[in-house]
Amino acid sequence: MIVKGDTFSLSVIVPVYNAEKYLSECIESILNQTYKEFELILVDDGSTDNSRNICEDYAQKDSRIKVIHQKNQGVIKARFAGADESRGEYITFVDADDWIHEGMYRDLMQCINTYEVDIVLSGLYRYLDEDNIIDFKHRLREGLYLKSDLEKEVIPYMLWDGTIQGWKVDPSLCSKIFKRDILIHFMQNSSELDIYYGEDTSIIFPMLLNANSIYVLHKSYYYHRQRETGIAIPYIKDKSFFDKLYILYQYLQQVFENSKYADIMQRQLELFYMNSIQLKKNTYLDVRESKKAVFPFWKVEKSSRVILYGAGLYGCSYMEQNEQQRFCKIVAWVDKNYEKLCARGLNVCGVSVIGEVEYDYILLAVATSGLAVQIREELQEFGVRKDKIIWSAGVIQELGE
């Protein structure tokens, strides 16, 4: 598929706000794509640093680049401003502090050209630093989904899947490509909402209810830069968090009620809403630190050899309780972020040590089932048997009980 006149196959939209530190890396990763038939729209959302000049400099070098300057209105309106000006048959997004693999648009557009679907979804990398990159794959099977498949396999679980205690479809717009005709309507509706948390959620799930077909790729191409562990996300710390969360809830409730999937989606929405409140609660240190995770003694055989995976709040709590009870033998304590943890005085090793020691079980010391599923998949790819991996839903006990 090639550019025809003023029409492009793909429009790539980058909302930009005070992103000078990472912006050039982001733009270069887009321009270095092996797929070339796209336009790049940089939406400067009222930046006060050098981002404006960086955008203009790139636009002068490449005719595919268009720059939009506007007063600061937030990422939803910035994305919609770019989408509204786009000329591509399909649209995708990149955040200004992230970057993408050079083959991303080649592979995703090949799926579109082959199957003519409304949406293509791919995996993404959660990037903290070079030594801490998590490959996040969609929990859907890879392949083509027609409408009947969406109704059976996606819609009943997409916003909240009880087996993993989280959404089954990552709401990020950046790891997907959308057919413009179906996207614009939902973006326009979302752009009128005064929200920060759940921006992507307000678009992707209503879209999926109306999509006729999607294609899922498990391969990851998108590098999403993460904040350091322990640093609260700004939209969670927002003093208006509850007000904006309720706006999102009301909007999605109305969308779902006006669809034929109202009963299916209402339960998912309520569970999503309650989980969102829990995320806010977790930002209060006095609440978090007054509790501890209980070691799952009922899942581990006494005196067995155990690798403890994770050295955060759960891992430290498990280690302390096991030392007190002398229940099992911890043959290794591992964590991807082991170097920083060792610097704090913890005797933690890298994950690679799993292949060097004999063990009976690997106990995952993490809080959420979503992360546990992800680690379990990684360990199985590493050759660990599924029945050797143990995780227990976080039993939390008040200190002093």
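Nothing fancy with the numbering, it's 1 onward along the sequence. What you are looking at is a predicted structure, and each value in this text was computed from that prediction instead of being measured.
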Between [Y] and [X], is there a salt bridge with N-O shorter than 4.0 Å?
X	Y	result
E378	K336	yes
R106	E37	no
K66	E39	no

Okay, side chain of [X], backbone of [Y]: is any donor-acceptor separation there less than 3.5 Å?
X	Y	answer
K299	W391	yes
D62	Y58	no
E85	A81	no
H224	S172	no
S317	L313	no
N18	T48	yes
R139	W167	yes

Please check if atom [atom1] in [X] has more than 12 non-hydrogen atoms from other residues, nucleotides or ligands closer than 6.0 Å.
X	atom1	answer
Y249	OH	yes
F297	CZ	yes
Q250	CD	yes
Q110	CD	no
E358	CD	no
N347	CG	no
R52	CZ	no
D263	CG	no

| note | Only one of D45, D95, D84 passes salt bridge (Lys or Arg N to Asp or Glu O under 4.0 Å) with R79, and that residue is D95
| query | Which class fits the ring pair H101 and Y221: parallel under 30°, tilted 30 to 60°, perpendicular over 60°? | reply | perpendicular
| query | Is the distance between the ring centroids of F295 and Y318 under 6.0 Å? | reply | yes
| task | With salt bridge (Lys or Arg N to Asp or Glu O under 4.0 Å) as the test, would you mind laying out the steps for K179 and E116 before giving the verdict? | result | CA-CA 9 Å; K179 193 170 186 179; E116 298 183 347; over 6 Å; no
| query | Under the salt bridge (Lys or Arg N to Asp or Glu O under 4.0 Å) test, which residues partner D97, sequence neighbours left out? | reply | none
Could you pull out the closest heavy-atom pair between [X] and [Y], with the gap in Å?
X	Y	answer
I184	F80	O-CE1, 4.1 Å
Y17	S47	CA-OG, 3.3 Å
D98	C26	O-CB, 3.1 Å
R305	V331	CB-CG1, 3.8 Å
L150	N212	CD1-C, 4.1 Å
S86	I91	OG-CD1, 3.4 Å

| query | Can you name the ring pair (Phe, Tyr, Trp, His ring centres under 6.0 Å) partners of Y215, sequence neighbours left out? | reply | Y115
| task | Give, for atom CD1 of I390 and atom CG of L364, the distance between the pair rounded to the nearest 0.5 Å. | result | 8.5 Å
| query | What do the steps show when you test E56 against Q60 for side-chain hydrogen bond (donor to acceptor under 3.5 Å, both in side chains), and what is the final call? | reply | CA-CA 6 Å; E56 291 293 348; Q60 291 178 13; 5.2 Å; no
| request: Taking atom types as modelled, find out whether E301 and Y361 have a side-chain donor-acceptor pair closer than 3.5 angstrom. | output: yes
| Donor + acceptor pair across side chains of Q268, Y157 (<3.5 Å) | no
| For the ring pair (Phe, Tyr, Trp, His ring centres under 6.0 Å) test, which of Y222, Y22, Y127 pairs with W99? | Y127
